[in-house]
Amino acid sequence: MAQSEVISSIQLQWDRVLGRLRAEVGEAAYRSWLKPLTLLSSDDSCVRMAVPTRFMRDWVAGNYQDRIQALWQDEVGVSSAVEIVVLPLARPVPKPALVEVGVEAEVPLSGKPESPREEAELPAIAEAPRVAEFQSLSGSLDPRFTFDNFVVGKPNELAYAAARRVAEAENVPFNPLFLYGGVGLGKTHLMHAIAHQIRNVYPQKKVIYLSAEKFMYQFVRALRTKDTMSFKEQFRSVDVLMIDDVQFIGGREATQEEFFHTFNALVDQNRQVVISADKSPSDLAGVEDRMKSRLGWGLVADIHPTTYELRLGILESKAEQLDVIIPQKVIEFLAHKITSNIRELEGALNRIVAHATLVGRAVSLETTQEVLHDLLRANDRRVTIEEIQKKVAEHFNVRISDMHSSRRARAVARPRQIAMYLSKHLTSRSLPEIGRKFGGRDHTTVMHAVKKVEELKSGDVEFSEDIELLRRMLEN
Ligand code: ADP
Ligand code: MG
């Protein structure tokens, strides 16, 4: 392989690792900690990267090193140490500094790629190492992703119960189990938990867990090495097949076709199939209709966006396992503010803990706000006062202009108060700022509105549920 190809393949692999990390940790944490990593060099025994400060090094080493190592190993197929060095003003070094890892040169696929998207990905597949055999695929289970560590609440109780059933039932209870929900809400956690549990209860069962991307990669490789027979057999001899993030299969006809056959063969033999995706079967883009309908035959369980109660429960359970004391106020603050998903919630907690440990200061509301400055802002940006006003106006069938008007009729004043209340809870705007957005009202008016709504909520279940519904719609 020519030097330049080697370099670009390492860079590509690193980019893919970063891409996966980004999906795992969320945008804010990615930007703060991972994006600044500069790949310096890589050989069989070690991959080296640089960060600009010691604090960052300690932080990345403490929080992400294991994942980086696991993903890197996953990517290059060689177990190598991860070394993070401090290089003030670290910039991407000139590319020739990179050395080759044990990557085999392979003949690229012949034939024209189906779409530009595939065109971009094929070289990466062609350069990937040939180590990941099927058995080792399940080796990448995260030991923390167990049922015991999964906090159950309203948004995920159905998915949880279904996953447990699948893991513990002797015979297939429903086929397939289709789990879907937004990013960072626990789909992968539940799938790994199923695998762990089956290993405990039925160690003789053969379980394969893999991402749809990996499935595609294996398939394309089998095509290239003309070894589709053993590809098929490997998959078709399992007791439980779990494929994560199946939305990535959309638009790739050949892989879809193969997946469909594998899927049908397993279901026909009464083997358990578990699928996850970010959308319901019928909403999967680029997936054939017969496949969509087939995917929905078993049990379709969706994981809803988190509620305050679930976020609180998760934070409390995670905080309990830490050596650092997290004041209840901080936990409530986080549950309130970090509404995007559970991954970000975890990331936030980890950052606070790392900061406290490194700086040697107790965790407080102040340090929390300081440390999570960027994350809090990013979470705020998700919903604006304008959006709240629009949604609330629609919901109560009043005009948006009534949010600013001075009309005091109950029919418009109440929705306006509700919108103020939601603005207070879903954004980080101050009371005076909120007042200004509601036709230049005084902050005491906003305060009064917030109090009023709280009062009504505690006295009227229906009203309270109405507000919860609005909140949930806005948080999405
Ligand atoms: P998804 O696959 O849906 O994007 P993950 O399963 O990767 O999300 O979950 C993201 C993170 O949140 C993981 O670290 C996971 O352990 C954690 N998590 C998700 N749901 C829960 C839960 N109900 N209880 C505890 N931790 C959870
Ligand atoms: Mg996942």
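Every value quoted in this text rests on a predicted model; they were computed, and no experiment measured them. All ligand and atom numbering here is 1-based and tracks the order in the structure. For this chain, numbers begin at 1 and follow the sequence in order.
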Nearest protein heavy-atom contact for atom 25 (C) of ligand 1: which residue, which atom, what distance?
Asn149 O, 3.3 Å
May I ask you to check whether over 12 heavy atoms, not counting those of Lys390, lie within 6.0 Å of atom NZ?
no
Numbered in order shown, the ligand 1 atoms found under 4.0 Å of a heavy atom of Asn156 are 23 (N)
Starting from atom 16 (O) of ligand 1, locate the nearest protein heavy atom and write down its residue, its atom name and how far away it is, to 0.1 Å.
His189 ND1, 2.7 Å
Top protein contact for atom 8 (O) of ligand 1, by heavy-atom distance:
Gly186 N, 3.1 Å
With heavy atoms and a 4.0 Å threshold, my read on which part of Leu345 contacts ligand 1 is neither
Is the ring centre of Phe263 less than 6.0 Å from the ring centre of Phe235?
no
Considering distance alone, does some N or O of Val152 sit under 3.5 Å from an N or O of ligand 1?
no
At less than 4.0 angstrom from any non-hydrogen atom of Lys318, what atoms of ligand 1 do you find?
25 (C), 26 (N)
Keeping the roles fixed (side chain from Thr262, backbone from Glu258), state whether a donor-acceptor pair exists under 3.5 Å.
yes
Specify the closest pair of heavy atoms between Asp142 and Arg144, including all atoms of both residues, with the distance to one decimal.
OD2-NH2, 2.6 Å
Are Arg351 and Glu370 within salt-bridge range, i.e. N to O under 4.0 Å?
no
Heavy-atom neighbours of Lys154 NZ exceed 12 at 6.0 Å:
no
Note: Glu346, heavy atoms under 4.0 Å from ligand 1, region reported as side chain
Close approach, Gly182 and ligand 1, non-hydrogen under 4.0 angstrom:
yes
Give me the nearest non-hydrogen protein atom to atom 24 (N) of ligand 1 as residue plus atom name, then the distance to 0.1 Å.
Val151 N, 2.8 Å
Looking only at protein heavy atoms, what sits closest to atom 4 (O) of ligand 1 is Gly184 N, 2.7 Å
Heavy-atom proximity to atom 3 (O) of ligand 1 ranks first, among Arg311, Lys187, His192, for Lys187
For Lys329, I'd like to know if atom NZ has over 12 heavy atoms of other residues, nucleotides or ligands within 6.0 Å.
no
Between Phe145 and ligand 1, find which residue part has any heavy-atom pair under 4.0 Å and reply side chain, backbone, both or neither.
side chain
Name the closest protein heavy atom to atom 5 (P) of ligand 1, giving the residue it belongs to and the distance to 0.1 Å.
Arg343 NH2, 3.6 Å
Can you tell me if CD on Glu366 sees more than 12 non-hydrogen neighbours from other groups inside 6.0 Å?
no
Please work out whether any backbone atom (N, CA, C, O) or any side-chain heavy atom from C-beta onward of Thr188 is under 4.0 Å from ligand 1, and answer side chain, backbone, both or neither.
both
Go through the steps to decide whether Glu157 and Arg164 satisfy the test salt bridge (Lys or Arg N to Asp or Glu O under 4.0 Å), and finish with yes or no.
CA-CA 11 Å; Glu157 61 186 359; Arg164 269 218 107 104; over 6 Å; no
Could you check atom 27 (C) of ligand 1 against the protein and tell me its nearest heavy-atom contact, residue, atom and distance included?
Ile342 CG2, 3.6 Å
Greater than 12 external heavy atoms within 6.0 Å of Asp268's CG
yes
Tell me if the CD atom of Glu462 is crowded by more than 12 foreign heavy atoms within 6.0 Å.
no
Metal environment of the Mg ion (ligand 2), protein N/O/S under 2.8 Å
Thr188 OG1
Are Glu454 and Lys457 ion-paired here, with the side-chain N under 4.0 Å from a carboxylate O?
no
Sidechain N-carboxylate O distance under 4.0 Å for Glu346, Lys318
yes
Checking side-chain polar atoms at under 3.5 Å, does Glu332 have a donor or acceptor matched by the opposite partner on His336?
no
